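Please read all numbers here as calculations on a predicted model, not as lab measurements. Letters A, B, ... are given to chains in the order of the sequence lines, protein chains preceding strands, and every chain is numbered from 1.
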2 protein chains.
Amino acid sequence: MDQLRFIKGSLTPIILKLLEDNGRMYGYEMTKAVRQMTGDKIVITEAALYPALHRLVEEDLVETTTEQVGGRMRKYYSLTRKGKKESVIEINSMLEAMSSIQLLLTKKLSHG
Amino acid sequence: MDQLRFIKGSLTPIILKLLEDNGRMYGYEMTKAVRQMTGDKIVITEAALYPALHRLVEEDLVETTTEQVGGRMRKYYSLTRKGKKESVIEINSMLEAMSSIQLLLTKKLSHG
DNA sequence: TGCTTATACCTAATAAAATTAGGCATAAGC
DNA sequence: GCTTATGCCTAATTTTATTAGGTATAAGCA
């Protein structure tokens, strides 16, 4: 069981879903959560995650609060009001698209 | 019913599936086939398709034969022996990845 | 006849998003 | 004292699609 291909474009909806379900999370926690929940099948690297989070902040879908925990800083990310609306759309749009692709890849594509 | 988001990375497996099922096809035919089969929900543009086909030829997964039909040239693409093996892997890998992402986006992602 | 649409191939420039390959620092485990 | 885990991040590159076209033949219709 090695790691699956990571589907490009799925990172943003995954982040939004995590925040939708958990209220707030910090980056490192997200990477661990996804690994754990998928048994390492889906691995979100920090190099992909942080730029994606910063994009979401830029788009005003996500906001941050920073806290000191132990001797380290933790930056919590959570959905803005706009982000809560958009995440529903984004997640459903991704799911619909994947269903169509699955159909294409599953059924016999005879043509002619 | 407008057009869905196109999932990045799905184009190659879709091409391979089309060729697997139909033996050989030409580019324009593929764009029409996918539109028709998905009711325009998935639209493969020629600007994405042709570079992808050329990449597959470069990788020796796909080969071409050119025929004159009417007054126009048609370039047929088909799987090489290597392409037939790889397409099974590629398609299954994509399907597995999508299943995992669907689970992530569907179930409650509580953490902690 | 002349205009538009369909067929059929393609490229160039750009943008978007991930990968590769790190850096930096604190804390915990052995 | 060394390694692993926690926790943030960036820069350069690569991959892949989008935007915006070009070229040409054939068919449909007014």
note: A:R35, atom CZ; D:dA5, atom P; distance rounded to Å ~ 10 Å
Within this structure, what is the CD1-to-P distance between B:I7 and C:dA18, rounded to whole angstrom? 13 Å
Side-chain contact check for A:Y28: nearest option of D:dA17, D:dG7, C:dA12 is D:dG7
Just how far, in rounded Å, is P of D:dT15 from CD of B:E58? 12 Å
Donor-acceptor contact present, side-chain B:T31 to main-chain B:Y28, <3.5 Å: yes
Closest-nucleotide ordering on DNA chain C, the 5'-leading residue of A:E46 and B:L53: B:L53
From the list D:dT6, D:dA17, C:dA21, which nucleotide is the closest neighbour of the side chain of A:K32? D:dT6
Under 4.0 Å between a side-chain N or O of B:R72 and OP1 or OP2 of C:dT7? no
Measuring to OP1 and OP2 of C:dT11, would you say a side-chain N or O of B:H54 lies under 4.0 angstrom away? yes
d(CD, A:E67; P, D:dC8) in whole Å: 12 Å
Whole Å only: how far is the CZ atom of B:F6 from the P atom of C:dA16? 18 Å
Atom CD of B:E96 and atom CD1 of B:I101: how far apart are they, to the nearest 0.5 Å? 12.0 Å
Taking only side-chain nitrogens and oxygens of B:K75, does any of them come within less than 4.0 Å of OP1 or OP2 of C:dC10? yes
Atom pair CD1 (A:I91) and CD1 (A:I14), whose distance is rounded to the nearest 0.5 Å: 10.0 Å
To the nearest 0.5 Å, what is the distance between OG1 on A:T64 and CG on A:L56? 12.0 Å
Which of C:dT11, C:dA8, D:dT18 is nearest the side chain of B:P51? It is C:dT11
Quick one: on DNA chain D, does A:Y76 or B:G71 contact a more 5' nucleotide (nearest heavy atom)? A:Y76
To the nearest Å, how far apart are A:Y50 OH and C:dA21 C1'? 17 Å
A:E29 CD to D:dA5 C1', in whole Å, measures 15 Å
Does A:Y26 have a side-chain nitrogen or oxygen under 4.0 Å from the phosphate oxygens OP1 or OP2 of D:dC8? no
Closest heavy-atom pair and its distance - B:M37, A:K107: O-NZ, 3.7 Å
Find the distance B:R55:CZ to D:dT15:P and express it as a whole number of Å. 9 Å
